[in-house]
There are 2 protein chains.
Amino acid sequence: MSRSATIQAPVQPHWLDEQEQLAWRSYLAASRAIEEAIQGQLQRDADIPHIYYEILVRLSEAPDRMLRMSDLAERSLSSRSRLSHAVSRLEERGWITRRASPDDGRGMLASLTEQGMAAVVKIAPGHVNAVREQIFDRLTPEQVKQLQEIGEAIVGGPVNF
Amino acid sequence: MSRSATIQAPVQPHWLDEQEQLAWRSYLAASRAIEEAIQGQLQRDADIPHIYYEILVRLSEAPDRMLRMSDLAERSLSSRSRLSHAVSRLEERGWITRRASPDDGRGMLASLTEQGMAAVVKIAPGHVNAVREQIFDRLTPEQVKQLQEIGEAIVGGPVNF
DNA sequence: GGAAGATAGTTGAACGTTGAATTATTCCGC
DNA sequence: GCGGAATAATTCAACGTTCAACTATCTTCC
């Protein structure tokens, strides 16, 4: 039958072309280098992982320096489980406190303590330096703009935090 | 004295300007999204972390599918310690074997087994798909080129693997 | 040719992350 | 207003990573 003679959809996957391959590997190398540099700086100077610092910063930017856990998880780009563990550690340091939400019996509110805020203020300059050295000192203003746009294309819209 | 009236070098760190801030956060969100997608796909479909897959691919590309550990560490962008642990796990699966280097008594040669090569062949299409969906389907050809150049600027030269 | 230092690789303990399971509360439709 | 589904958050165990310590070999240079 002619029906059975139709050409099969290719089993061959759609490989990356040469340009894509180059871009992917270049991106991989860059993103690993960036994360290693940032992580290393924060670990050395403040003894916290990068994500923990992000959590502190998101809190420091929130009204009353306080956020629902799920909200904080979203803004700090981490899973709830990860955030739970991280906040536990940061609570042990006295940088964050947790209390039940008055509005929602299920919710917890995390807030930055004065000590936590002081830590952010102390840590921030070194962190910004690392970011600058690793990224912005190496890019033209045009590339900075391109980087923003590429990031937004990948996440599907402007980043709102 | 006029000398003492000179303005002090600012203690204020050199903060990111608005464009840099946007680019940095956009990059952060994108890189986390990418890593999460790639990692998730590989974990679900092949039960290995992303780095383990990279290790297998670098080996598969090497002459005789074999490399010195330190060489493999460099190409797969991981520390020696990490690689040691990773290769141990992959060895347990029968995907890699290790043997002493004939040239250098300190060296170890890691090589991909037939099973390991078969695993790469099996895993690759799903991985490429994930990469394509997460990145290249969302970028214009121009942006792909820009991404490559930005990555190279950050790592300080073309990526050679 | 022997000591000092560099290099290759591994190991173990401490730590962070993951994913599934669990508990508690709220929301929704009838 | 009641039962079932959805949501919020945590916990636990398994796993991967890190960093420092360690062993073994090689290189250098006097």
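Worth knowing before you read on, the calculation uses all heavy atoms, side chains too, and leaves out hydrogens, waters and symmetry mates. Owing to the predicted nature of the structure, the values given are computational and were not obtained by experimental measurement. So that the names make sense, note that chain A is the first sequence line, chain B the second, and so on, each numbered from 1.
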Under a 4.0 Å threshold between the charged nitrogen and the carboxylate oxygen, would [Y] count as salt-bridged to [X]?
X	Y	result
A/Arg138	A/Glu133	no
B/Arg93	B/Asp47	yes
A/Asp71	A/Arg58	no
A/Arg32	A/Glu35	no

Whole-Å distance between [N] [atom2] and [X] [atom1]?
X	N	atom1	atom2	result
B/Ile38	C/dT18	CD1	C1'	18 Å
A/Gln39	C/dG16	CD	C1'	10 Å
B/Ile55	C/dG9	CD1	P	14 Å
B/Arg80	C/dG12	CZ	C1'	19 Å
A/Arg68	C/dA24	CZ	C1'	13 Å
B/Leu109	C/dT10	CG	P	11 Å
A/Glu91	D/dA9	CD	P	14 Å
A/Arg99	D/dA9	CZ	P	13 Å

Quiz question: by atom type and distance under 3.5 Å, do the side chains of B/Ser76 and B/Ser78 form a donor-acceptor pair?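 Yes - a donor-acceptor pair under 3.5 Å links their side chains.
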
Between C/dT17 and A/Ser78, is there an OP1 or OP2 to side-chain N/O distance shorter than 4.0 Å?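 Answer is no, no contact under 4.0 Å.
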
When you check the phosphate oxygens OP1 and OP2 of D/dT10, does a side-chain N or O of A/Ser88 lie under 4.0 Å from one of them?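 So the side chain of A/Ser88 is outside the cut-off, no N or O lying under 4.0 Å from OP1 or OP2 of D/dT10.
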
Need one value for A/Arg98: base, sugar-phosphate or nothing, where a base atom within 4.0 Å counts as base even if backbone is also close, heavy atoms only.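 Sugar-phosphate, no base atom in range.
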
Reckon A/Ser84 touches a base, only the sugar-phosphate, or nothing at all at heavy-atom distances under 4.0 Å?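 Here A/Ser84 touches the bases of the nucleic acid.
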
Sequence-aligned protein contact record of nucleotides 17-29 of chain D, with B where the base is within under 4.0 Å of a protein heavy atom and S where only the sugar-phosphate is: SBB-----BS---

Tell me whether B/Arg99 contacts the main-chain N or O of B/Leu109 through its side chain, where contact means a donor paired with an acceptor under 3.5 Å.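 No, the answer is negative, given that no donor and acceptor are paired below the 3.5 Å cut-off.
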
Should the ring pair A/His50 and A/His127 be called parallel, tilted or perpendicular, given that the plane angle runs from 0 to 90° and is split at 30 and 60?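 Judged by the thresholds at 30° and 60°, the geometry between A/His50 and A/His127 is tilted.
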
